[in-house]
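Contents: one structure, followed by commentary.
Keep in mind that this is a model prediction, so the values were computed, not measured.
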Amino acid sequence: LGEVQALLGGSLRRRDLHAALARAIAQRTERDVPWLELAHHWLEAGSAALSEAVRCGLRAAEQAISRFAFEEAVAVLERVQAAVSADLSAAELRARVLIALGQAQIQRGAGSIGQSLCLEAAALAREQRDPELLASAALAFGLEIKAALIDPELIGLLQEALAALPEQDSPLRVQIMARLGAAMQPHHDLRFPISLAEAAIAAARRIGDPATLLYALSTGMSAMMDIVDPRSRLPLNLEAEQLAQNQGDRERVLRSVVR
């Protein structure tokens, strides 16, 4: 009994130490936050620190992806996924981690693995009756735009998400409309996907958020390529390029240049 108590006491002390280290690092760091290190300590701090471990793990993955370090992003997210999977009450956290891990897998080239994770997240979102989570899962599932390739599963997921979201303007609704327009082209009525993209761009302008407008322009124009007159597309493309440059989005800058 004494040995068991000693082991339990040692485990608790280690968890407390990791939590204390994480708090100390967070307090003394103003720039270039070491999210990976913070995620490690919060993960080692036990289930009581799960929400903070998820927050830091997601930020660590974003930091890695910004450097195109997709393997690093996948590795930290898999650790976080293992932690949230052990807590049956953390369905929302688990879904958010699955979405991030799905995106990271798609970006590293493992598309089928990533999309399976996104579908798992979508199922959790339905169970939680969370339309925003469902929309995020749908967008992650359709992260890769494949020209002239119709994916019925993607279209169905996007349509389900659009129907579940409130009708008022929001960044998520804009993104779903723009992505749905791109996913549905070519359509037997070419104007229908274009109208979705145009509605997304108009809503983004009403919202007034540059990141939302960039997504609407860059993604929505995929519904217009080779259909809308280039003279009409050019101002939109130039606007997207300028927004991407302002936001440091190199991928969308390059996409605008080649269009």
Side-chain angles (χ1 to χ4, degrees), residues 11-125 128 130 132-144 172 175 211 215 247-252:
S11 177
L12 289 172
R13 283 195 295 273
R14 283 194 297 274
R15 290 178 181 180
D16 289 343
L17 179 58
H18 279 291
L21 284 169
R23 284 191 288 268
I25 292 168
Q27 288 174 358
R28 66 178 172 80
T29 303
E30 296 180 359
R31 293 184 300 175
D32 299 323
V33 178
W35 292 110
L36 184 61
E37 185 178 358
L38 284 170
H40 166 73
H41 287 303
W42 285 124
L43 284 167
E44 293 294 328
S47 58
L50 184 59
S51 61
E52 195 63 17
V54 169
R55 185 181 76 87
C56 293
L58 293 176
R59 294 297 300 272
E62 291 174 6
Q63 201 172 55
I65 288 170
S66 71
R67 305 192 309 271
F68 303 102
F70 303 119
E71 298 289 346
E72 180 181 310
V74 167
V76 66
L77 288 169
E78 285 180 338
R79 280 193 68 195
V80 177
Q81 183 193 18
V84 295
S85 296
D87 187 341
L88 297 179
S89 66
E92 181 185 352
L93 289 177
R94 184 182 171 208
R96 295 194 183 283
V97 173
L98 286 169
I99 290 168
L101 181 55
Q103 288 178 315
Q105 291 283 17
I106 292 169
Q107 287 175 294
R108 71 183 279 262
S112 60
I113 295 173
Q115 288 188 323
S116 294
L117 293 166
C118 294
L119 291 177
E120 190 177 344
L124 286 170
Q128 298 296 306
D130 190 327
E132 293 187 357
L133 206 55
L134 179 61
S136 296
L139 290 168
F141 184 89
L143 185 64
E144 186 180 0
L172 262 180
Q175 291 175 58
Y215 185 97
Q247 295 172 41
D249 191 328
R250 291 174 288 177
E251 180 182 344
R252 288 197 170 98

Review item, side-chain donor-acceptor pairs of residues 108-124, under 3.5 Å, at least two apart:
from : atom 1 : to   : atom 2 : distance (Å)
R108 : NE     : E71  : OE2    : 3.2
R108 : NH1    : Q105 : OE1    : 2.7
R108 : NH2    : E71  : OE2    : 3.1
Q115 : NE2    : F141 : O      : 2.9
S116 : OG     : S112 : O      : 3.0
E120 : OE2    : R94  : NH2    : 2.4

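In plain terms, the two heavy atoms of G57 and V80 that are nearest each other are CA-CG2, 4.0 Å. Looking at every heavy atom in both residues, L50 comes nearest to A90 through CD2-CB, 4.1 Å. Heavy atoms only, all atoms of each residue included: A64 and A73 are closest at CB-N, 3.8 Å. Across all their heavy atoms, Q103 and A140 have their closest contact at CG-CB, 3.5 Å. Scanning both residues, E37 and I25, for their nearest heavy atoms gives OE2-CD1, 3.2 Å. Residue I99 comes nearest to L133 through the heavy atom pair CD1-O, 3.8 Å, listed as atom of the first residue, atom of the second, then distance.
Taking the side chain as every heavy atom from C-beta outward, L77 and L58 approach each other to under 4.5 Å. By the 4.5 Å heavy-atom criterion applied to side chains, R23 and W42 are counted as neighbours.
Once rounded to the nearest 0.5 Å, the distance linking CD of E72 with CG of L36 reads 5.5 Å. A distance of 13.5 Å separates CD of Q247 from OH of Y215, quoted to the nearest 0.5 Å. Taken from OG in S136 to CG in L172, the straight-line distance is 5.0 Å, to the nearest 0.5 Å. Put simply, NE2 on H41 and CG on L21 are 5.0 Å apart, with the number rounded to the nearest 0.5 Å. Atom OG of S66 is separated from atom CG of D249 by 11.5 Å, given to the nearest 0.5 angstrom. To the nearest 0.5 Å, atoms CZ (R15) and OG (S47) are separated by 6.5 Å.
Considering only residues two or more places apart in sequence or on other chains, E62 meets the salt bridge (Lys or Arg N to Asp or Glu O under 4.0 Å) condition with R59. Under the ring pair (Phe, Tyr, Trp, His ring centres under 6.0 Å) criterion, H40 pairs with H18, not counting sequence neighbours.
In this structure, Q63 places its CD atom where more than 12 heavy-atom neighbours from other residues, nucleotides or ligands lie under 6.0 Å away.
Of the candidates R13, R79, R14, R79 is the only one forming a salt bridge (Lys or Arg N to Asp or Glu O under 4.0 Å) with E44.
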